[in-house]
Every structure is written in C-alpha cells, then in structure tokens.
J.: 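Quick one: the structure is below, and I'll ask about it shortly.
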Protein chains: 2
Amino acid sequence: MGYEEVCGVTAVDRRKVGRVRRKMMAEEQISRMAYFFQAFSDLTRLKIILALEVEKELCVCDLTMVVGVSMSAVSHQLRYLRNLGVVKNRKQGKMVYYSLKDEHIKELIHTVTEHIHEE
Amino acid sequence: MGYEEVCGVTAVDRRKVGRVRRKMMAEEQISRMAYFFQAFSDLTRLKIILALEVEKELCVCDLTMVVGVSMSAVSHQLRYLRNLGVVKNRKQGKMVYYSLKDEHIKELIHTVTEHIHEE
DNA sequence: TTTATACTTGCGCAAATGTTCAAGTGAGAG
DNA sequence: CTCTCACTTGAACATTTGCGCAAGTATAAA
C-alpha cells in the first residue's frame with residue numbers, strides 16, 4: 001500500500017503499521033476527540049468546568065469571579081464550551097445560568113487527577 | 001473579601017462563589033491538569049498515543065507512517081509527550097522505540113469515547 | 001420612555017503552537 | 001576511516017488561540 005510514499009523512511013515494520021491502521025479509530029473520530037480534549041486544555045475553561053462541578057449552576061458573574069479574567073473572556077469560553085456540548089445554559093430574567101451537560105466529566109477529571117498524583 | 005475588586009460586577013452570589021473557592025483545587029494543580037490535557041488536544045499527539053495503545057511499542061519511523069506528518073514533527077511531539085510523562089522510550093541500536101508510560105490513559109480514552117458517542 | 005444591569009459579540013492584537021527545513025548526533029555497515 | 005541510516009534539535013515561519021475593548025442585545029426597574 002506504498003508506505004514509503006509518505007516519507008523516505010525504510011526501516012518500517014509493515015506488519016505493525018498495518019495492524020495499527022486497521023485497529024485505530026477513524027481519522028474523523030480522532031479529530032473530534034482531540035477537539036473535545038481541547039476544552040480541558042485551557043486554564044480558563046478548566047476552571048469554569050471545575051467550578052461547575054463544585055456548584056451545579058453558576059451565572060456568568062459568579063464564574064467571572066471564580067476564574068479571574070474579564071467577563072468577556074468568560075463569555076467567549078462559555079460559548080466555546082456550549083458549542084462543544086460540555087455545558088448548557090438557562091436564562092432567567094437578566095441572568096444566564098450555566099451548568100455541566102453530563103456526568104462523564106467527573107470521571108475524566110478523576111482519572112487525570114490519579115495520573116498527575118502518581119510517580 | 002472584596003469580590004467586586006476583580007471586576008465591576010454586582011450580581012454575584014457570594015455564598016456560591018465562596019463555596020466554589022473553598023472546594024475547588026489549587027490553582028497550581030488545575031494548571032498542571034490543563035497542561036496534561038493539552039497532550040491529547042492535538043491531532044498528531046493523539047494519533048501517536050492511540051497508535052501506542054494498539055501496538056505497545058513503535059519506533060519513530062512506524063509512528064511517522066501512522067501519523068502522516070514529517071518525522072521531525074513526530075520527534076518534536078514525542079519529546080513533548082516524554083517531558084509530560086505520557087510516553088517513555090528505549091534505544092536499541094539506531095532505533096528508538098516508544099511506548100505509553102501508564103495505563104490510566106486507556107481509561108481516559110474510554111471515558112471520552114463514551115461522551116462523544118452519546119447525545 | 002429612559003436608565004441600568006447581565007450578558008454577548010466582532011475586532012484587533014499579542015502570545016503560543018505546530019510544522020517544515022536544514023544541520024547535527026550517534027550507532028552500525030562497509 | 002567513511003558513509004548511511006534513524007533520529008533529534010534549533011530556527012524561521014504561518015496559523016491558531018485567548019484576551020480585552022467597545023459596541024450591541026435583552027430584560028427589568030424607575
């Protein structure tokens with residue numbers, strides 16, 4: 001299948017590479033996964049997420065206090081997280097309340113905490 | 001404790017914000033966590049990680065084949081992942097073999113896969 | 001209606017990120 | 001020794017990112 005066409009390298013173990021190609025998920029799915037991880041890779045966004053884990057529902061004001069950047073920045077990131085399906089919002093009068101959209105996130109955080117604490 | 005000094009906002013629920021501040025992890029730990037998530041947030045790095053999950057050990061050549069960017073790019077990202085403690089390497093002659101450093105990563109991937117597939 | 005408040009959004013900028021190119025390292029073959 | 005191969009590294013570059021500013025929307029109060 002022309003492995004060498006990708007680069008000039010010759011020492012490839014074709015069997016291994018073949019196995020990986022067959023077993024690994026599709027490019028598009030990996031892409032979505034990477035994009036999802038990006039949600040957690042920024043300090044502001046991660047603070048927002050962790051705050052919403054402690055307190056189920058917070059308005060943009062409260063989040064601004066907790067995170068410590070401008071309300072504009074928080075709002076930008078909230079849109080990002082909303083588009084990604086990590087948070088949802090509920091309007092009530094002038095206020096907008098945000099909360100986490102699902103519970104897998106606690107698991108995620110837990111797993112990573114374990115990784116960080118070991119070694 | 002002067003919440004209003006952070007920004008001009010007035011509609012803050014001080015009790016909620018206080019609770020979050022007390023319960024949330026320390027800034028430094030959040031920072032490390034964000035940095036860790038960054039490992040998984042890039043397509044090249046994620047492909048490397050997923051490839052090493054399928055095939056326990058791969059040389060830089062093989063990884064280059066799988067990922068589809070230059071060997072230089074792969075090498076840069078491998079250093080990044082090594083510094084972060086996600087992968088380790090083993091030299092044997094001219095070849096360098098990389099593998100995942102710990103098993104929590106499978107859990108992580110599994111949790112995220114679940115999240116992505118639902119809704 | 002006018003004013004204030006809670007939040008959103010477009011724009012521009014500075015900083016961070018990922019890639020390639022080209023040079024460099026180190027091990028093995030000839 | 002020289003040459004090749006597998007890999008690493010530093011620099012330059014383009015792209016992406018996250019932020020604040022300033023203007024805008026929507027709701028509520030006066």
Side-chain angles (χ1 to χ4, degrees), chain A residues 3-4 6-13 16-17 30-31 34-35 37-49 57-84 87-99, chain B residues 3-4 6-13 16-17 30-31 34-35 37-49 57-84 87-99:
Chain A
Y3 297 127
E4 280 72 19
V6 182
C7 73
V9 167
T10 52
V12 173
D13 185 330
K16 278 190 179 183
V17 173
I30 301 177
S31 206
Y35 195 57
F37 273 118
Q38 257 184 298
F40 299 83
S41 70
D42 171 73
L43 194 55
T44 299
R45 288 195 292 267
L46 191 53
K47 278 184 185 171
I48 290 173
I49 291 166
E57 226 185 29
L58 289 165
C59 68
V60 181
C61 262
D62 293 351
L63 285 169
T64 301
M65 289 293 134
V66 171
V67 171
V69 291
S70 74
M71 180 181 282
S72 168
V74 172
S75 190
H76 278 297
Q77 299 298 357
L78 283 170
R79 179 170 51 167
Y80 181 109
L81 292 172
R82 221 170 45 230
N83 289 339
L84 231 147
V87 303
K88 59 177 192 272
N89 64 354
R90 174 178 73 85
K91 291 183 191 184
Q92 186 182 298
K94 285 187 283 188
M95 317 279 278
V96 182
Y97 292 97
Y98 281 84
S99 55
Chain B
Y3 296 127
E4 281 72 19
V6 181
C7 74
V9 167
T10 52
V12 173
D13 186 330
K16 277 190 179 183
V17 173
I30 301 176
S31 206
Y35 195 57
F37 273 118
Q38 257 184 299
F40 300 83
S41 70
D42 171 74
L43 194 56
T44 299
R45 288 194 294 268
L46 191 54
K47 277 184 186 171
I48 290 173
I49 291 166
E57 226 185 27
L58 290 165
C59 68
V60 181
C61 262
D62 293 350
L63 285 169
T64 302
M65 287 295 131
V66 171
V67 170
V69 291
S70 73
M71 180 181 282
S72 169
V74 172
S75 189
H76 278 295
Q77 299 299 356
L78 283 170
R79 177 168 55 167
Y80 181 110
L81 292 173
R82 219 169 49 228
N83 290 339
L84 232 147
V87 304
K88 59 179 191 273
N89 64 354
R90 176 178 73 85
K91 291 181 190 184
Q92 186 182 299
K94 286 188 281 187
M95 318 278 278
V96 182
Y97 292 96
Y98 281 83
S99 55

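Side chains are part of it too, since the values below use all heavy atoms of this structure and drop only hydrogens, waters and symmetry mates. Every chain is numbered from 1 and lettered A, B, ... according to where its sequence line falls, protein lines coming before strand lines. Remember, it's a predicted structure, so these values are computed and weren't measured experimentally.
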J.: Between P on D:dT8 and CE on B:Met95, what's the gap in Å once rounded to a whole number?
T.: 11 Å
J.: Any heavy-atom pair between the side chains of A:Leu78 and A:Leu63 that's under 4.5 Å?
T.: yes
J.: What is the distance, to the nearest angstrom, from the CD atom on B:Glu57 to the C1' atom on D:dA6?
T.: 15 Å
J.: Could you encode protein contacts along nucleotides 24-30 of chain D as a string, one character per nucleotide from 5' to 3', using B for base contact, S for sugar-phosphate-only contact and - for no contact, with a heavy-atom cut-off of under 4.0 Å?
T.: ---BS--
J.: Expressed as a whole number of angstroms, how long is the span from A:Asn89:CG to C:dT8:P?
T.: 7 Å
J.: Using whole Å, what does the distance between atom P of nucleotide C:dT8 and atom CG of A:Asn83 come to?
T.: 12 Å
J.: Given A:Ile49, which partner from the list A:Leu81, A:Asp42, A:Thr44 fulfils the side-chain contact (heavy atoms from CB on, under 4.5 Å) test?
T.: A:Leu81
J.: Would you please name every residue forming a side chain to side chain contact (heavy atoms under 4.5 Å, CB included) with A:Ser72, sequence neighbours left out?
T.: A:Ser70, A:His76
J.: Can a side chain N or O of B:Arg79 be found less than 4.0 Å away from OP1 or OP2 on D:dG10?
T.: yes
J.: Strictly under 3.5 Å: I want the nitrogen or oxygen pairs between protein and nucleotides 15-23 of chain D, one per line.
T.:
unit_1	atom_1	unit_2	atom_2	d
D:dT17	OP1	A:Gln38	NE2	3.3
D:dG18	OP1	A:Arg45	NH1	3.0
D:dG18	OP1	A:Arg45	NH2	2.7
D:dG18	OP2	A:Arg45	NH1	3.0
D:dC19	OP1	A:Thr44	OG1	2.5
D:dC19	OP2	A:Gln77	NE2	2.8
D:dG20	OP2	A:Ser70	N	3.1
D:dG20	OP2	A:Ser70	OG	2.4
D:dG20	N7	A:Ser72	OG	3.4
D:dG20	O6	A:His76	NE2	3.0
D:dC21	N4	A:Ser72	OG	2.6

J.: Supply the atom-to-atom distance B:Ser75 OG to B:Arg82 CZ, rounded to the nearest 0.5 angstrom.
T.: 7.5 Å
J.: Could you check if a side-chain atom of B:Val60 sits within less than 4.5 angstrom of a side-chain atom of B:Thr64, using non-hydrogen atoms only?
T.: yes
J.: Does A:Arg90 use its side chain to pair, donor to acceptor, with the backbone of A:Tyr97 at less than 3.5 Å?
T.: no
J.: Between atom CG of A:Asn89 and atom CG of A:Leu58, what is the distance when rounded to the nearest 0.5 Å?
T.: 13.0 Å
J.: NA contact type, B:Tyr98, heavy-atom cut-off 4.0 Å: base, sugar-phosphate, or nothing?
T.: sugar-phosphate
J.: Please report the interatomic distance CG(A:Asp62) to CE(A:Met95), rounded to the nearest 0.5 Å.
T.: 6.5 Å
J.: Rounded to the nearest Å, what distance is computed from the CZ atom of residue A:Arg82 to the P atom of nucleotide C:dT9?
T.: 6 Å
